[in-house]
Engineer: 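Can you read through this structure? Questions will come right after.
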Amino acid sequence: MSNLLKYKDYRGQVEYSDEDSTFYGKILGINDLVSFEGETVDELKKAFIESVDDYIKTCESIGKSPEKEYKGQFNVRVPMNLHRLAARKAISKRMSLNKFVENALRKALQSE
């Protein structure tokens with residue numbers, strides 16, 4: 001069982017309010033708050049799709065690029081010396097700097 005809906009590269013997290021007998025949720029991974037709700041699963045799915053489409057249309061109408069959830073790319077600014085050391089270490093391990101940083105992130109997150 002999943003509490004996630006997916007549509008057009010967006011995911012919505014779903015919860016249920018027993019008090020209101022309503023499913024409700026919000027789009028994940030964006031800074032804007034976009035919510036949706038429905039009393040049935042079908043209503044909820046329809047509301048989610050409409051919310052995503054409306055979010056995209058609203059962004060276009062105000063000249064803003066719609067945000068996407070975690071594309072797998074991000075820029076990191078580090079001191080020049082750290083960049084140099086990481087690049088050299090990656091070369092010595094015969095891997096790209098991207099792969100080296102990915103491995104370092106994975107290792108750091110696993111140790112928690």
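The structure displayed is predicted, hence computed values, not measured ones. By convention here, the first residue in the shown sequence is residue 1.
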Engineer: Can you find a pair of side-chain heavy atoms, one from Tyr7 and one from Asp53, that are under 4.5 Å apart?
Structural biologist: yes
Engineer: Indicate every side-chain donor-acceptor pair of residues 74-88 with a distance under 3.5 Å to a residue at least two apart or in another chain.
Structural biologist:
unit_1: Asn81; atom_1: OD1; unit_2: Arg84; atom_2: NH1; d: 3.0

Engineer: Who passes side chain to side chain donor-acceptor pair (under 3.5 Å) against Asp9, sequence neighbours left out?
Structural biologist: none
Engineer: Is Leu5 reachable from Tyr16 through a run of hydrophobic residues whose side-chain heavy atoms are each under 4.5 Å from the next?
Structural biologist: yes
Engineer: Please find the pair of heavy atoms, one from Arg11 and one from Leu4, that lie closest to each other, and give the distance.
Structural biologist: NH1-CD1, 3.2 Å
Engineer: Just how far is it from atom CG of Asn103 to atom OG of Ser96, taken to the nearest 0.5 Å?
Structural biologist: 9.0 Å
Engineer: Can Glu102 and Lys99 be said to form a salt bridge (Lys or Arg N to Asp or Glu O under 4.0 Å), step by step?
Structural biologist: CA-CA 5 Å; Glu102 177 186 339; Lys99 190 65 175 175; 3.7 Å; yes
Engineer: Around Lys8, counting heavy atoms of other residues, nucleotides and ligands shown, do more than 12 lie under 6.0 Å from its NZ?
Structural biologist: yes
Engineer: How many angstroms lie between NZ in Lys46 and CD in Glu50, if you round to the nearest 0.5 Å?
Structural biologist: 5.0 Å
Engineer: Side-chain donor-acceptor pairs under 3.5 Å in residues 22-37, sequence neighbours left out?
Structural biologist:
unit_1: Thr22; atom_1: OG1; unit_2: Asp20; atom_2: O; d: 2.9
unit_1: Tyr24; atom_1: OH; unit_2: Glu15; atom_2: OE1; d: 3.3
unit_1: Asp32; atom_1: OD1; unit_2: Lys64; atom_2: NZ; d: 3.1
unit_1: Asp32; atom_1: OD2; unit_2: Tyr55; atom_2: OH; d: 3.1
unit_1: Asp32; atom_1: OD2; unit_2: Lys64; atom_2: NZ; d: 2.5

Engineer: Taking C-beta and beyond as the side chain, do Tyr10 and Pro66 meet within less than 4.5 Å on heavy atoms?
Structural biologist: yes
Engineer: Please say whether more than 12 non-hydrogen atoms of neighbouring residues, nucleotides or ligands are located less than 6.0 Å from NZ in Lys68.
Structural biologist: yes
Engineer: To the nearest 0.5 Å, tell me how far Ser65 OG sits from Ile56 CD1.
Structural biologist: 11.5 Å
Engineer: Side-chain contact, heavy-atom cut-off 4.5 Å: Leu44 with Phe48?
Structural biologist: no
